[in-house]
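First the structure, in the form of structure tokens, and then the observations on it.
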Protein chains: 2
Amino acid sequence: MAILLTQSEENYIKAVYALQQHHQASVGTNELAERMDTKASSVTDMIKRLSEKSLIQYEKYKGCELTEEGIRTALKTIRKHRLWETFLVEKLKFGWDEVHDIAEQLEHIQSVKLTDQLDAFLNYPKFDPHGDPIPDQTGAIVQRDQSFLLNELEIGAEGVVIGVADSSASFLRFLDRYKINIGTCIQIKEIYAFDDSRAIEIHGETVNLSAAATQKITVQKQQ
Amino acid sequence: MAILLTQSEENYIKAVYALQQHHQASVGTNELAERMDTKASSVTDMIKRLSEKSLIQYEKYKGCELTEEGIRTALKTIRKHRLWETFLVEKLKFGWDEVHDIAEQLEHIQSVKLTDQLDAFLNYPKFDPHGDPIPDQTGAIVQRDQSFLLNELEIGAEGVVIGVADSSASFLRFLDRYKINIGTCIQIKEIYAFDDSRAIEIHGETVNLSAAATQKITVQKQQ
DNA sequence: TTTTATTTTTAGACAAGACTAAACAATAAC
DNA sequence: GTTATTGTTTAGTCTTGTCTAAAAATAAAA
Ligand SMILES: [Mn+2]
Ligand SMILES: [Mn+2]
Ligand SMILES: [Mn+2]
Ligand SMILES: [Mn+2]
């Protein structure tokens with residue numbers, strides 16, 4: 001049942017999954033090429049291969065979508081990626097801005113037992129260091145209560161950071177400088193109409209965040 | 001300075017290292033092919049590539065040897081392999097017979113920081129689960145006091161197991177059944193001339209080990 | 001020292017995964 | 001409803017790593 005995939009194939013599957021989650025529709029060749037940092041012609045080749053293995057449903061000129069099997073495969077890789085990221089931060093003292101590239105390598109290690117033992121060792125974490133949900137052995141991911149972007153909160157509202165919409169090292173280090181992390185409590189004190197920036201209170205201090213920043217911070221409303 | 005190698009290249013380097021450690025001489029194409037489970041012609045191709053990168057010294061029909069740089073490279077990979085094996089046994093509760101194949105994958109993960117943090121997390125272990133020495137950051141490996149194979153001990157002598165000459169899962173599981181592990185203390189009670197087997201005492205019990213088995217257990221003499 | 005056997009290398013082919021350049025579909029603009 | 005633009009696929013080439021079959025070098029035997 002479990003088909004053997006190359007690292008390249010796994011990466012394509014992950015990319016298709018991410019894109020089709022984003023816009024609820026079939027995925028185009030060019031956007032896949034952009035995401036995979038390759039050329040459209042290479043994508044076409046790979047899509048055909050994965051279609052052969054019935055992980056992707058594909059019709060010429062009509063884009064592609066993952067099959068049920070394809071989705072299961074994507075979730076396995078995502079599970080491994082996020083477990084390793086958690087391991088690196090929790091156990092090996094890495095910063096949350098340093099772990100993605102290493103996890104990109106580790107996610108391809110083939111051993112179900114390894115994945116499950118790692119999961120147990122980490123105490124079955126539900127979220128990775130960036131607040132993204134970790135699929136369990138069956139591929140299930142916890143569905144969260146309604147969340148907001150920080151720029152959707154009104155003045156006076158309080159939120160707890162539960163994720164970031166941008167996991168780039170640059171943005172994560174920016175958040176570090178403001179001591180913003182998963183779990184950090186933030187209150188909106190002021191919204192400046194002229195540039196849509198916000199004065200926010202974190203850990204008792206009040207600072208200003210640009211619109212670009214508040215659009216990338218996911219929170220859950222407090223009480 | 002640090003050249004980027006493919007997994008395949010790293011595996012060849014490791015194999016050359018192992019073979020040239022064994023018989024103190026240059027390594028032949030056929031034995032390398034056997035070890036890598038491939039064909040001699042493939043080996044010739046790869047040797048040329050690695051020779052280009054000056055990791056191997058090579059002369060047609062004369063076999064090959066690692067350069068200084070090649071040895072450093074081999075030791076880096078071996079370090080990673082043995083650290084991961086230690087991690088799997090110590091932290092993830094794997095048996096010593098289950099870790100080699102997974103470590104064969106993990107040893108290719110590229111991140112010096114990962115390796116060093118893992119080393120620290122494991123408390124800078126000097127030996128892996130099979131008793132093999134783990135090179136440190138500089139590639140140095142601890143040199144041990146004189147060791148013997150179990151079949152070299154005279155009657156009455158006591159030894160502590162410090163390694164195995166065969167790390168196959170089959171042999172390791174055999175040792176498990178007799179509760180023989182790294183650190184186990186063994187005393188020779190009797191040597192049977194007719195088949196060269198031995199009666200040995202472990203943990204108070206006396207059992208019989210074949211010549212094939214005693215040749216594969218490395219010990220240090222006790223007192 | 002020839003002959004024979006073994007080891008090693010070359011030549012040629014193949015699959016995976018990528019690329020460029022060119023052809024072909026599907027949309028959008030006029 | 002043609003024309004232009006964009007998106008997608010094909011055709012042909014390249015590199016890595018492998019293979020088989022055949023040639024060449026070395027080592028062993030006679
Ligand atoms: Mn990541
Ligand atoms: Mn993540
Ligand atoms: Mn091993
Ligand atoms: Mn080992």
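Letters A, B, ... mirror the listed sequences (proteins, then strands); counts begin at 1.
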Taking 4.0 Å as the cut-off, does a side-chain nitrogen or oxygen of [X] come that near to OP1 or OP2 on [N]?
X        : N       : answer
Lys60(A) : dT10(D) : yes
Thr44(B) : dT9(C)  : yes
Arg49(A) : dG17(C) : yes
Tyr12(A) : dA18(C) : yes
Thr6(B)  : dG17(D) : yes

Which part of the nucleic acid, if any, lies within contact of [X], taking any heavy atom under 4.0 Å across all strands shown: a base, the sugar-phosphate backbone alone, or nothing?
X        : result
Thr38(A) : sugar-phosphate
Gly63(B) : nothing
Ser42(A) : base

### Message
Distance criterion of 3.5 Å, no angle test: do you see the side chain of Ser41(A) paired donor-to-acceptor with the base of dT20(C)?
### Response
yes
### Protein-nucleotide distance (Asp45(B), atom CG; dT10(C), atom C1'), rounded to Å
9 Å
#### Entry: Ring center gap for Phe87(A) and Phe87(B) short of 6.0 angstrom
yes
### Message
Both Glu9(A) and Lys48(B) contact DNA chain C. Taking the nearest nucleotide for each, which residue is further toward the 5' end?
### Response
Lys48(B)
### Query
Under the side chain to side chain contact (heavy atoms under 4.5 Å, CB included) criterion, do Glu9(A) and Leu50(A) qualify, and how do the steps go?
CA-CA 7 Å; Glu9(A) 287 170 329; Leu50(A) 293 172; 4.0 Å; yes
